[in-house]
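Here is the structure we will look at, set down as structure tokens.
Below, read A as the first sequence line, B as the second, and so on, with proteins coming before strands; counting in each chain starts at 1.
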Amino acid sequence: MLQVYNTLTRKKEEFKPIEKNHVRMYVCGPTVYDYPHIGNARSFAVFDTIRRYLEYKGYRVTYITNFTDIDDKMINRANEEGISVADLAARFIAEYYIIASELNLKPATVNPRATEHIDDIIDMVSKIIENGHGYVVDGDVYFDVPSWSNYGVLSKIPLDELSAGLRVNVGEKKKDPRDFALWKAEKPGEPSWDSPWGKGRPGWHAECSVMGKYYLGIPFDIHGGGQDLIFPHHENEIAQSAAAYGEKTPVKYWLHNGFLTINTEKMSKSEGNFFTAREVLDNYDHQAVRFYLVSGQYRQPLDYNDKALKQAIQSLERIKNAADTIRGKISILEKKGGRRTKADDKLSEAIKKVREGFEREMDDDFNTPGAIAEIFTFVRDINSLTPDIGNAAVLREALSTLSELMSILGINLEKAEDEAGGKSVEVLKGVVGLLLEVRENARKSKDYAAADMIRDRLKELSISVADTKDGPTWKIE
RNA sequence: GCCGGCUUGGCGGAGUAGUGACGCGACGGACUGCAGAUCCGUUCUACUUGGGUGCAAAUCCCAAAGCCGGCUCCA
């Protein structure tokens with residue numbers, strides 16, 4: 001049974017989608033005014049893994065993640081750079097897709113943009129006004145927070161506590177400092193759209209409510225994002241959606257990932273202590289970065305430092321080596337053939353255990369560290385049993401299980417060379433096989449100079465050779 | 001000030017009240033012509049502190065300390 005921690009109730013709850021076998025999920029995507037930092041990347045990777053696990057469990061998942069392409073930050077940055085907001089958005093949306101592919105994020109069902117839904121936003125704002133929870137002042141529209149008694153359900157901030165530290169910005173005409181803008185009247189030089197309240201643009205939180213409803217319907221199952229979005233973004237989203245569309249709770253499960261820290265301090269753009277996803281991906285192996293991002297439990301803080309990344313590289317290497325060990329033994333067995341042994345039975349048992357263990361851990365609010373621990377136990381079983389395995393069938397099953405589980409974490413262990421190469425791969429295999437035969441003869445006659453030369457020269461051609469008790473194996477680096 | 005979270009071995013990091021997960025590192029051994037990979041063992045008085053409940057607590061309860069976060073744009 002899958003349990004997820006719901007920010008709304010502050011408890012782990014049994015996960016039951018509203019529609020049977022279909023999960024509708026929305027994750028807050030980036031505001032496309034700058035390069036995403038590695039903390040954004042964590043959020044992307046975490047929710048991608050959650051999505052993949054739900055699919056593994058047999059659910060069909062409709063996965064929406066948006067681009068916010070109109071807001072204050074977009075306008076300010078575009079003005080600084082002297083380009084249009086649309087051009088700025090285009091640039092960083094393109095950048096997002098590059099990062100997404102390097103992190104092996106599965107493409108979303110739809111990546112909607114705020115500016116594609118202006119009419120829907122206007123529609124929602126109109127409904128909020130009609131229902132008595134919004135008001136118009138000089139072309140601005142504000143949400144009337146005190147009129148909404150349920151305000152604070154998500155962040156658990158009592159309404160009267162809220163007013164304490166709030167300020168009202170110059171130029172704002174709120175009735176109450178807790179109110180927030182649904183629609184902002186046009187200022188000179190800003191992009192704007194026609195509306196019943198004059199020209200203007202959407203406020204900060206409108207787009208997610210609108211696009212969630214548009215693509216998923218309300219209520220839907222999962223809404224994800226970083227913990228910093230709980231207040232005010234998601235709090236406002238709930239109030240807006242509920243006030244406009246009349247659903248008490250527009251979302252069943254609210255999931256929030258913990259922060260990525262640097263030296264245990266929160267990484268954030270306003271503090272200036274951050275690394276962009278780009279520089280991290282340029283410095284480290286992409287798969288290792290992905291592995292690192294999902295190696296911690298998603299609600300806990302994750303510290304970014306060189307040591308942590310190095311450790312992720314080492315750990316992942318261990319898993320990949322196990323896959324190579326299996327492949328090497330399979331190719332030997334294909335030549336020699338063999339019979340099932342005791343080790344085959346033990347490995348079959350281990351395959352069953354790893355799948356159970358992995359699911360048990362992931363069912364517990366996506367406990368990836370526990371799930372990875374199960375994989376490592378399996379890796380040790382693979383390494384100790386493989387030399388004694390007699391039949392390739394169980395090895396193929398072990399390899400496909402390992403690959404399948406790792407793919408949920410976003411790591412692809414498959415090697416594509418076989419399909420890609422066709423005939424030339426066959427020739428390559430033949431030639432390397434021939435060289436290794438020559439080398440084996442040299443080793444038997446203790447001509448180690450010759451044997452080592454063949455190995456070294458192959459290494460230069462990025463073919464690495466390893467001797468096992470059953471004979472040599474090789475792989476392309 | 002008001003809310004929330006965290007504190008586990010050299011480091012990272014799980015943890016169902018009852019046999020010290022898992023990874024990285026270090027050290028020792030095995031295997032090996034060498035290399036790589038791997039295996040076994042050690043690192044073990046590990047659980048912030050002080051009380052309490054229990055036959056038994058890292059795990060439950062109560063206090064305290066330290067650290068972090070939200071209350072303002074932020075994944």
Side-chain angles (χ1 to χ4, degrees), chain A residues 7 10 27-31 33-34 36-47 65 71-73 76 152 155-158 160-167 169 178 204 224-233 235 256-261 264-271 274 277 292 295-303 305 307-308 310-322 324-325 328 357 360-361 364 367-380 382-387 443-444 446-449 451-452 455-456 459 464-469 473:
Chain A
T7 307
R10 305 283 153 104
V27 178
C28 281
T31 300
Y33 74 109
D34 201 354
H37 61 60
I38 187 68
N40 300 101
R42 180 186 191 191
S43 190
F44 304 156
V46 156
F47 286 105
T65 183
D71 84 331
D72 293 347
K73 290 194 297 290
N76 294 340
S155 58
K156 314 295 178 205
I157 303 175
D160 46 347
E161 285 290 343
L162 196 58
S163 40
L166 284 185
R167 65 196 154 104
N169 287 326
R178 295 168 293 190
W204 308 334
Q227 274 170 0
D228 46 356
L229 296 181
I230 295 171
F231 189 90
H233 186 62
E235 189 68 61
H256 292 97
N257 66 278
F259 294 125
L260 204 133
T261 58
T264 74
E265 302 255 313
K266 180 186 169 188
M267 166 182 313
S268 82
K269 288 200 173 167
S270 48
E271 296 296 322
F274 66 92
Y292 156 74
S295 64
Q297 209 281 340
Y298 77 97
R299 287 190 288 120
Q300 297 304 127
L302 182 68
D303 202 56
N305 56 67
K307 207 176 161 186
K310 292 239 165 77
Q311 189 172 310
I313 291 168
Q314 294 297 325
S315 310
L316 186 55
E317 192 62 27
R318 183 168 161 79
I319 296 169
K320 289 181 171 177
N321 285 339
D324 286 334
T325 298
R360 183 184 65 246
E361 296 296 339
D364 180 14
N367 188 356
T368 49
I372 291 169
E374 295 296 325
I375 287 178
F376 277 115
T377 302
F378 184 48
V379 162
R380 187 185 297 128
I382 289 171
N383 288 331
S384 59
L385 293 171
T386 297
R443 290 178 74 209
K444 270 177 200 141
K446 298 207 196 291
D447 183 0
Y448 295 121
D452 289 350
R455 187 171 63 193
D456 292 344
K459 183 88 184 168
S464 68
V465 174
D467 295 319
T468 74
K469 77 169 205 183
T473 65

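Atom CG in A:Asp456 sits about 9 Å away from atom C1' in B:A35, given to the nearest Å. A straight line from OH of A:Tyr298 to P of B:G13 spans 17 Å, rounded to a whole angstrom. Going from atom NZ of A:Lys469 over to atom P of B:G33 covers 14 Å, rounded to whole Å. Going from atom CD of A:Glu235 over to atom P of B:C3 covers 16 Å, rounded to whole Å. Here B:C73 presents its C1' atom at 7 Å from OH of A:Tyr33, a figure rounded to the nearest Å.
Counting any heavy atom pair closer than 4.0 Å across all strands shown, A:Phe259 reaches a base atom. Among the atoms of the strands shown, none is found under 4.0 Å from any heavy atom of A:Glu374. Residue A:Gln300 is classed as a sugar-phosphate contact, given heavy-atom separations below 4.0 Å to backbone atoms only. A:His256 comes within 4.0 angstrom of no nucleic acid atom, judged by non-hydrogen atoms across all strands. A:Gly39 comes within contact range of at least one nucleobase, with a heavy-atom separation under 4.0 Å. Nucleic acid contact for A:Thr377: sugar-phosphate only, since backbone atoms but no base atoms lie under 4.0 Å from a heavy atom of the residue. Within the 4.0 angstrom heavy-atom criterion, base atoms lie near A:Leu260. Residue A:Val465 is in base contact, counting any heavy-atom pair closer than 4.0 Å across all strands shown. At the heavy-atom level, A:Gly258 lies under 4.0 Å from base atoms of the strands shown. Using a 4.0 Å heavy-atom cutoff across all strands shown, A:Asn383 reaches sugar-phosphate atoms only and no base atom. Using a 4.0 Å heavy-atom distance criterion, A:Ala466 is classed as a base contact.
The phosphate of B:G25 (OP1 or OP2) has a side-chain N or O of A:Gln314 nearer than 4.0 angstrom. Close to B:A75, at under 4.0 Å from its OP1 or OP2, lies no side-chain N or O of A:Asn257. Within the structure, a side-chain polar atom (N or O) of A:Arg318 is placed less than 4.0 Å from OP1 or OP2 of B:G23. At least one side-chain nitrogen or oxygen of A:Arg380 sits closer than 4.0 Å to the OP1 or OP2 atom of B:G23. Contact annotation: A:Asn321 side-chain N/O to B:G36 OP1/OP2 distance is not under 4.0 Å.
At distances below 3.5 Å, at least one donor-acceptor pair connects side-chain atoms of A:Glu235 with backbone N or O atoms of A:Gly152. Using a distance-only test at 3.5 Å, with no hydrogens or angles considered, no donor-acceptor pair links the side chain of A:Arg380 to the main chain of A:Thr377. Not a single donor-acceptor pair under 3.5 Å links the side chain of A:Arg299 to the backbone N or O of A:His256. Of the possible polar contacts, none joining the A:Ser155 side chain to the A:Ile230 backbone as a donor-acceptor pair under 3.5 Å is found.
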Dot-bracket for RNA chain B, 5' to 3', Watson-Crick and G-U pairs with both distances under 3.5 Å, [ ] for crossing pairs, | for partner on another strand, reads ((((((((.[[[..)..(...]]]((((((.......))))))....[[[[[..)....]]]]])))))))....

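The side chain of A:Ser315 sits closest to B:C24 out of B:C24, B:U38, B:A75. Checking B:G12, B:C74, B:C39 against the side-chain heavy atoms of A:Lys73 singles out B:C74 as nearest. The side chain of A:Lys307 lies closest to B:C11 when the candidates are B:G33, B:C74, B:C11. Residue A:Pro369 has its side chain nearest to B:G13 when only B:G13, B:C22, B:C68 are considered. For A:Gln297, the side-chain atoms get nearest to B:A14 when compared with the rest of B:A14, B:C39, B:C22. With B:C22, B:A75, B:C24 as the candidates, the nucleotide lying closest to the side chain of A:Phe376 is B:C22. In the set B:G70, B:A75, B:C68, B:G70 carries the atom at the smallest distance from any side-chain atom of A:Phe231.
With P as the reference atom, B:U45 and B:G10 are 12 Å apart, rounded to whole Å. Across the P atoms, B:G4 and B:C22 are found 36 Å apart, a figure rounded to whole Å. When the C1' atom is used for both B:G23 and B:G9, the distance is 13 Å, rounded to whole Å. Comparing the same atom, P, in B:C6 and in B:G13 gives a spacing of 14 Å after rounding to whole Å. Straight-line distance between the P atoms of B:U19 and B:C71: roughly 42 Å, to the nearest whole Å. For the C1' atoms, the distance from B:U16 to B:U38 is 33 Å, rounded to whole Å. Taking atom P on both B:U48 and B:A14, the two are 14 Å apart, rounded to the nearest angstrom. Distance noted for atom C1' between B:G15 and B:G70: 28 Å (whole Å).
For B:C73, the base has no donor-acceptor partner in the side chain of A:Asp71 [N/O atoms by modelled type, under 3.5 angstrom]. Between the base of B:C74 and the side chain of A:Lys266 there is a donor-acceptor pair shorter than 3.5 Å. Residue side chain A:Asp228 does not reach the base of B:G69 through any donor-acceptor N/O pair under 3.5 Å, judged by distance alone. Counting atom types as modelled, A:Arg455 pairs a side-chain N or O with a base atom of B:C34 as donor and acceptor under 3.5 Å. Judged by atom type and distance alone, A:Arg443 reaches the base of B:G33 through a side-chain donor-acceptor pair under 3.5 Å.
Inter-residue side-chain proximity for A:Ile375 and A:Ile319 is flagged as met; some heavy-atom pair is nearer than 4.5 Å. Between A:Arg318 and A:Val379 there is a side-chain heavy-atom pair separated by less than 4.5 Å.
With its glycosidic angle more than 90° from 0, B:G51 is assigned anti.
Salt bridge absent: A:Asp456 and A:Lys459 never bring a charged side-chain N and a carboxylate O closer than 4.0 Å. A:Arg443 has a carboxylate O that lies under 4.0 Å from a charged side-chain N of A:Asp467, or vice versa, which qualifies the two as a salt bridge.
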Carefully, step by step, assess A:Ser315 and A:Phe376 under the rule side-chain contact (heavy atoms from CB on, under 4.5 Å). CA-CA 9 Å; A:Ser315 310; A:Phe376 277 115; 3.6 Å; yes

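Taking for each of A:Thr31 and A:Ala449 the nucleotide of RNA chain B with the nearest heavy atom, the 5'-most of the two is the partner of A:Ala449. Toward the 5' end of RNA chain B, the nearer of the two residues A:Asp364 and A:Asp467, judged by each one's closest nucleotide, is A:Asp364.
Qualifying ring pair (Phe, Tyr, Trp, His ring centres under 6.0 Å) partners for A:Tyr292, counting only residues two or more places apart in sequence or in other chains: none. Evaluation of the ring pair (Phe, Tyr, Trp, His ring centres under 6.0 Å) rule for A:His37 yields no partner, not counting sequence neighbours.
Listed here is the closest heavy atom pair of A:Leu229 and A:Cys28: CD1-CB, 3.6 Å.
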